[in-house]
Peer 1: 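Mind having a look at this structure? Questions to follow.
Side chains are part of it too, since the values below use all heavy atoms of this structure and drop only hydrogens, waters and symmetry mates. Indexing begins at 1, ligand by ligand and atom by atom, following the structure's order.
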Amino acid sequence: MTRLIFLGPPGSGKGTQAAVISGSYSFPHISTGDILRQAVSQGTELGQKAQTYMDRGDLVPDELILGIVRDRLSEPDAKTGWLLDGFPRNVEQATYLESLLDGIGQSCDRVLNLQVSDDSIVKRLLERGRKDDNEEVIRHRLQVYRQQTAPLIDFYQSRQKLVSVNGDRSVEEVTHSLKAVVNSLAH
Ligand code: AP5
């Protein structure tokens, strides 16, 4: 049973690596960004509420996110492990997750922190060109990351969960390092 959190700035490769790792080890890849983008494309109430925040590069309010994660983690496929990508995104979300997991007798095994320079991030995201991938919004997402998400590095470091990985390498090299961490977990 493996439970992982992928942490890192926008464009650090969380989604790319999460897809590879969850495919290799057969546990679900739970991406709050993907869940929100699907809600936006389906025009649901959640999607309508979330869209303006996402377009600006701001975090969607916690009250829209926490219940989604709670429900997703209670689905049958998450009983034997999971990989969270893009959640938690601030200390409030991390504290919520910790008490949610405590309540069901679980905890996360490792928080994998992908480190990538701002220059590589801007280059990668401009090349991808998602709706929130223009230079102004990318810079804002980086600022939001530094202010709200980066404090989670200390949060998880103090709980001896954090492993930092250099994400400024080829996809394959980063995957290799991540797999070494996953394989080192004795389950
Ligand atoms: P989210 O979807 O989580 O976006 P993000 O964190 O900004 O991350 P990205 O998807 O841009 O990057 P990534 O690290 O996954 O990198 P990727 O693998 O895609 O969130 C979007 C929005 O939703 C947020 O702004 C917020 O509004 C909202 N939201 C989501 N979760 C939330 C939460 N918990 N609370 C509140 N709001 C929330 O790679 C990026 C590009 O780089 C790709 O083109 C890829 O092919 C390329 N690439 C990947 N790895 C490499 C490599 N090693 N070398 C070269 N290129 C690479």
Peer 1: Mind checking whether Ile65 contacts ligand 1 via backbone (N, CA, C, O), side chain (CB onward), both or neither, at a 4.0 Å heavy-atom cut-off?
Peer 2: side chain
Peer 1: Just heavy atoms, cut-off under 4.0 Å: does Ser120 contact ligand 1 by side chain, backbone, both, or neither?
Peer 2: neither
Peer 1: May I ask you to check if ligand 1 and Asp34 share an N or O to N or O distance below 3.5 Å?
Peer 2: no
Peer 1: Answer yes or no: are there more than 12 heavy-atom neighbours, outside Lys79 itself, under 6.0 Å from its atom NZ?
Peer 2: yes
Peer 1: What do you reckon, does Gly15 have a nitrogen or oxygen under 3.5 Å from a nitrogen or oxygen of ligand 1?
Peer 2: yes
Peer 1: For ligand 1, is there an N or O atom under 3.5 Å from any N or O atom of Leu36?
Peer 2: no
Peer 1: I want to confirm something. Looking only at heavy atoms, which of Met54, Gln51, Lys14 is nearest to atom 23 (O) of ligand 1?
Peer 2: Met54
Peer 1: Got a salt bridge between Arg124 and Glu127, using NZ or NE/NH1/NH2 to carboxylate O under 4.0 Å?
Peer 2: no
Peer 1: Under a 4.0 Å heavy-atom limit, does Ala18 contact ligand 1 with its side chain, its backbone, both, or neither?
Peer 2: neither
Peer 1: Taking 4.0 angstrom as the limit and counting only heavy atoms of Pro9, give me the atoms of ligand 1 inside it, by number and element.
Peer 2: 14 (O)
Peer 1: Do any nitrogen or oxygen atoms of Gly11 lie less than 3.5 angstrom from nitrogen or oxygen atoms of ligand 1?
Peer 2: yes
Peer 1: Look at ligand 1 and say whether Arg56 reaches it with a heavy atom at a distance under 4.0 Å.
Peer 2: no
Peer 1: Below 3.5 Å, N or O to N or O, backbone or side chain included: is there any such pair between Asp85 and ligand 1?
Peer 2: no
Peer 1: Out of curiosity, is Ser170 lining ligand 1, as in a heavy atom under 4.0 Å away?
Peer 2: yes
Peer 1: With side chain to side chain donor-acceptor pair (under 3.5 Å) as the rule and sequence neighbours excluded, what pairs involving residues 137-146 come up?
Peer 2: Asp58-His140, Asp118-Arg146, Asp133-Arg141, Glu135-Arg139
Peer 1: Any N or O on Thr32 sitting closer than 3.5 Å to an N or O of ligand 1?
Peer 2: yes
Peer 1: Are any of the N or O atoms of Leu125 closer than 3.5 Å to those of ligand 1?
Peer 2: no
Peer 1: Pick one of side chain, backbone, both or neither for how Gln17 approaches ligand 1, counting any non-hydrogen atom pair under 4.0 Å.
Peer 2: neither
Peer 1: At a 4.0 Å cut-off, with the gap strictly under it, does some heavy atom of Arg37 reach an atom of ligand 1?
Peer 2: yes
Peer 1: If you measure every N or O of Phe87 against every N or O of ligand 1, does any of those distances drop under 3.5 Å?
Peer 2: no
Peer 1: Can you tell which part of Val144 has a heavy atom less than 4.0 Å from ligand 1: side chain, backbone, both or neither?
Peer 2: neither
Peer 1: Which one of Glu92, Arg89, Gln148 has a non-hydrogen atom at the shortest distance from atom 30 (C) of ligand 1?
Peer 2: Arg89
Peer 1: Does an N or O from Asp132, backbone or side chain, lie closer than 3.5 Å to an N or O of ligand 1?
Peer 2: no
Peer 1: When you look for heavy atoms under 4.0 Å from ligand 1, do you find them on the side chain of Gln93, its backbone, both, or neither?
Peer 2: side chain
Peer 1: What about Ser12: any of its N or O atoms under 3.5 Å from an N or O on ligand 1?
Peer 2: yes
